[in-house]
Q: 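Structure provided below as structure tokens; questions to follow.
Proteins get letters first, then strands, A, B, ... in listed order; numbering begins at 1 in each.
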Amino acid sequence: MIDVKDLTENPDKYRASQRARGADEALVDSIIAADVRRRGSLTEYETLRAQQNAFGKKVAAAKGEEKQALLAEVKDLAQKVKAAQASAEEAQGEMDQLMRVVPNLIVEGIPAGGEDDYTVVKTVGTPRDFAAEGFEPRDHLEIGELLGAIDIERGAKVSGSRFYFLRGVGARLEIALLQMAMDQAVQNGFIPMITPTLVRPETMQGTGFDVAHDAEIYRLAEDDLYLVGTSEVPLAGYHADEILDLAGGPIRYAGWSSCYRREAGSHGKDTRGIIRVHQFNKVEMFVYCPQEEAEAEHARLLAWEEEMLAKVELPYRVIDTAAGDLGMSAARKFDCEAWVPTQGRYRELTSTSNCTGFQARRLNIRERVLDAEGSSRGTRAVATLNGTLATTRWIVAILEHHQNADGSVNVPAALRPYLGGLEVLPVL
RNA sequence: GGAGACGUGCCAGAGCGGCCGAAUGGACUUCACUGCUAAUGAAGGGUCCGGGGAAACUUGGACCGGGGGUUCAAAUCCCCCCGUCUCCGCCA
């Protein structure tokens, strides 16, 4: 949810943001109009209600005939109050509906346009030249099968397409990767969390995912519960309806969870291997901080992601996502994309979003505003940010980039302690 | 799955349909007092949404788990939902 007050005061800023996203600019004016209607009908209702309250006090004090007379008089007022209340609620409802569809205000200066309009922030490392090394690289699935690490066929047998088993060194590699991510997070002051992966509709909605329309979400209709696509969802909901004390700095969580995605709109895309799957594991960073610190924190999250990528020794690039390719909640998003040799292109391994106050406003997560004397001047929304530290997909890039001619895979040095010192994943 | 109890402010905990935004403790903040701490005394606080005001502030409405209903009037009565706890059953 965006800040209505800010929108009514600076509509041009929001029009520009909508334009950059390729979204509806007129929405801004619809909101301003709806807000005027809302306030008008609210004032009307409150005035009547004040009269009724005053009457109520008189009725309570009166006795006998006098009381009966007052009751007769106030009955009519009660009807008016009811009607005014109904129209005030209706106006509020219209407002709420509009507010649900406005995406977050983007950070000024990010690239405008759609999926292909990102800018490359930097490129780190160089893709391996397999031609020069004299062998044709195998893709991650072929390697995974040689190592006995990935079993797609039985995944499909048991659960259908886009499901898989990680086995043997594959399973160990994933655990090692996630464990290394958790350790790094803890070293950086994050609180480790293992979260629920089924959440209520309010939590899903509050985080910015539309339970009713989002085709990506698995639903358990019977129970009105929803499978999360990322632990960002439960970690955002964690502090819902709370007033946080951020005096001691940002509150940082590292969530370890399975993630579930229907991949409804991606038939035929990435059907081979484990690039795009219905279920995977992830370590996610999630931060609550004051809004003015959000951009600096965003840079830190990106740096922590890059630290992980450095540990697994992968060549990658960082992109600044264009406005139109941002989710509803994000004001800015950086993706780290690792080079996947057999695809000849960079593929997303991490994604970090600055959601400014958008999620916090929906989830009612605030902090106190203090004046110079240190006494409370009310509250305001905090900022929330998230970023990936490791996921199952990383295995794709690791297997491919670190492969040898015989199909075995060299283990990056930082990962070895998590694999009992293993230096090479051997072909079976 | 069955039976029951409960859900009130930061915490504990009262609350008769109108005098209840809510007693009383504790915690907290400020002030006073004792040489400091402790103790004691006094005072003060919540959140959300409107109106007025540059602001300090002021004024109105709403909020007693959530949503409906009854009533001139609901923390209080009724219904539904959510949650917590206890007992039984079931599965581990």
Q: What are the two closest heavy atoms between A:Glu242 and A:His239, and how far apart are they?
A: OE1-ND1, 2.8 Å
Q: So what's B:A56 paired with, Watson-Crick or G-U wobble, going by both distances under 3.5 Å?
A: none
Q: Determine yes or no for a side-chain-to-main-chain donor-acceptor pair under 3.5 angstrom, with A:Asp214 supplying the side chain and A:Glu216 the backbone.
A: yes
Q: Can you measure from CZ (A:Arg380) to CD1 (A:Ile243) and round to the nearest 0.5 angstrom?
A: 13.0 Å
Q: Could you tell me whether A:Lys122 and A:Glu306 make a salt bridge, using a distance below 4.0 angstrom between a side-chain N and a carboxylate O?
A: yes
Q: Apply the syn/anti split at 90° from 0 to B:G35 and say which one it is.
A: anti
Q: Rounded to whole Å, how long is the line connecting atom NZ of A:Lys57 with atom C1' of B:A74?
A: 15 Å
Q: Could you tell me the separation between the CD atom of A:Glu9 and the C1' atom of B:A54, rounded to a whole number of Å?
A: 14 Å
Q: For B:A38, which nucleotide in any strand shown is its Watson-Crick or wobble partner with both distances under 3.5 Å?
A: none
Q: Distance check needed: B:G65 P versus A:Glu202 CD, whole Å only.
A: 17 Å
Q: Under a 3.5 Å cut-off for both contacts, is B:C90 paired Watson-Crick or G-U wobble with anything, and if yes, with which nucleotide?
A: none
Q: Is the phosphate of B:G46, meaning OP1 or OP2, less than 4.0 Å from a side-chain N or O of A:Arg368?
A: no
Q: Using the P atom as the point on both nucleotides, what is the distance between B:G7 and B:A14, in whole Å?
A: 9 Å
Q: Could you please name the partner base of B:A22, counting Watson-Crick and G-U wobble pairs only when both distances are under 3.5 Å?
A: none
Q: Would you say the side chains of A:Asn104 and A:Thr356 form a donor-acceptor pair under 3.5 Å?
A: yes
Q: Would you kindly compare A:Phe55 and A:Arg200 by the position of their nearest RNA chain B nucleotide and give the one closer to the 5′ end?
A: A:Phe55
Q: So do A:Thr392 and A:Leu166 actually touch side chain to side chain, heavy atoms under 4.5 Å?
A: yes
Q: Using the P atom as the reference point in each nucleotide, state the distance between B:U47 and B:G35 in Å, no decimals.
A: 39 Å
Q: Need the pair for B:U84. Rule: Watson-Crick or G-U wobble, both distances under 3.5 Å, any strand; none if unpaired.
A: B:A5
Q: Distance check, C1' atoms only: B:A5 and B:A43, in whole angstrom units.
A: 40 Å
Q: Could you give the distance separating B:G46 and B:A55 at their C1' atoms, to the nearest angstrom?
A: 23 Å
Q: When the distance from CD of A:Glu89 to C1' of B:G68 is rounded to whole Å, what number comes out?
A: 11 Å
Q: Can you tell me the base-pairing partner of B:G44? Count Watson-Crick or G-U wobble geometry only, both distances below 3.5 Å, and say none if there is no partner.
A: B:C28
Q: If we call it a pair only when both distances are under 3.5 Å in a Watson-Crick or G-U wobble match, what pairs with B:A73?
A: none
Q: Quick one: look up who B:C16 pairs with, Watson-Crick or G-U, both distances under 3.5 Å, and put none if it's unpaired.
A: none
Q: Respond yes when some side-chain nitrogen or oxygen of A:Asn53 is under 4.0 Å from OP1 or OP2 of B:C72, and no when none is.
A: no
Q: Could you state the NZ-P distance from A:Lys80 to B:C72, rounded to the nearest angstrom?
A: 16 Å
Q: Between B:G89 and B:U84, how far apart are the P atoms? Round to whole Å, please.
A: 22 Å
Q: Does A:Gln52 place a side-chain N or O at less than 4.0 Å from the phosphate oxygens OP1/OP2 of B:A73?
A: yes
Q: How far does the P atom of B:A74 sit from the matching atom of B:G21, given to the nearest Å?
A: 11 Å
Q: With a 4.0 Å heavy-atom cut-off, tell me which residues in residues 33-51 of chain A come close to RNA chain B, sorted by residue number.
A: A:Arg38, A:Arg39, A:Leu42, A:Thr43, A:Tyr45, A:Glu46, A:Arg49, A:Ala50
Q: Would you find a donor on one side and an acceptor on the other, under 3.5 Å apart, between the side chain of A:His278 and the backbone of A:Arg261?
A: yes
Q: Could you give the CG-to-C1' distance, from A:Asn364 to B:G46, as a whole number of Å?
A: 13 Å
Q: Nearest whole angstrom, please: distance from the C1' of B:C49 to the CE of A:Met99.
A: 14 Å
Q: Side-chain contact, heavy-atom cut-off 4.5 Å: A:Ile275 with A:Arg347?
A: yes
Q: Sticking with atom C1', work out how far B:C28 lies from B:G9, rounded to a whole angstrom.
A: 13 Å
Q: Expressed as a whole number of angstroms, how long is the span from A:Asp241:CG to B:C63:P?
A: 17 Å
Q: State whether A:Lys75 places a side-chain N or O below 4.0 Å from either non-bridging phosphate oxygen (OP1 or OP2) of B:C72.
A: yes
Q: Could you tell me whether A:Arg252 and A:Glu297 make a salt bridge, using a distance below 4.0 angstrom between a side-chain N and a carboxylate O?
A: yes
